[in-house]
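Below you'll find the structure, written out as structure tokens, and then a few comments.
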Amino acid sequence: MAITTSRDRYSTKPFAEALSDLLREEARGTDTKPNLTAFLRRVPGWRVDTLRKQVLAERTLQPAAVEAMAEVLNIAPSTSSNTAPIRSPKPSPSTQNS
């Protein structure tokens with residue numbers, strides 16, 4: 001999978017809101033209502049209900065869940081509290097050793 005490198009910005013929005021922004025962007029329309037369930041079905045190794053409860057803050061959001069969702073969206077995860085990635089390219093091997 002190719003990594004999108006066009007933007008490097010972060011959101012201070014709650015995770016669910018930032019994820020909705022990403023899903024709208026992925027759908028290529030800011031007025032499009034994102035289909036959370038359809039997206040969560042694409043996340044391998046996780047039950048839709050488990051992820052939904054974490055996204056909606058009914059359960060504690062696990063870093064592994066953020067990483068799995070980020071992988072589906074092809075972005076680098078940010079698991080720091082109260083922030084979620086909007087677009088953060090995964091570092092390439094050549095920049096990791098700098």
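FYI, the numbering just counts along the sequence from 1.
Closest approach of Pro34 and Ser20 over heavy atoms only: CG-O, 3.9 Å.
Val55 is listed as a side-chain neighbour of Met69, based on a closest heavy-atom distance under 4.5 Å.
Expressed to the nearest 0.5 Å, how far CZ of Arg42 lies from OG1 of Thr37 amounts to 12.5 Å.
Taking the side chain to side chain contact (heavy atoms under 4.5 Å, CB included) definition, one finds that Thr50 meets it with Trp46, Arg47, Gln54, Arg59, sequence neighbours left out.
The only member of Val72, Asp49, Asn35, Leu51 that meets side chain to side chain contact (heavy atoms under 4.5 Å, CB included) when paired with Leu40 is Leu51.
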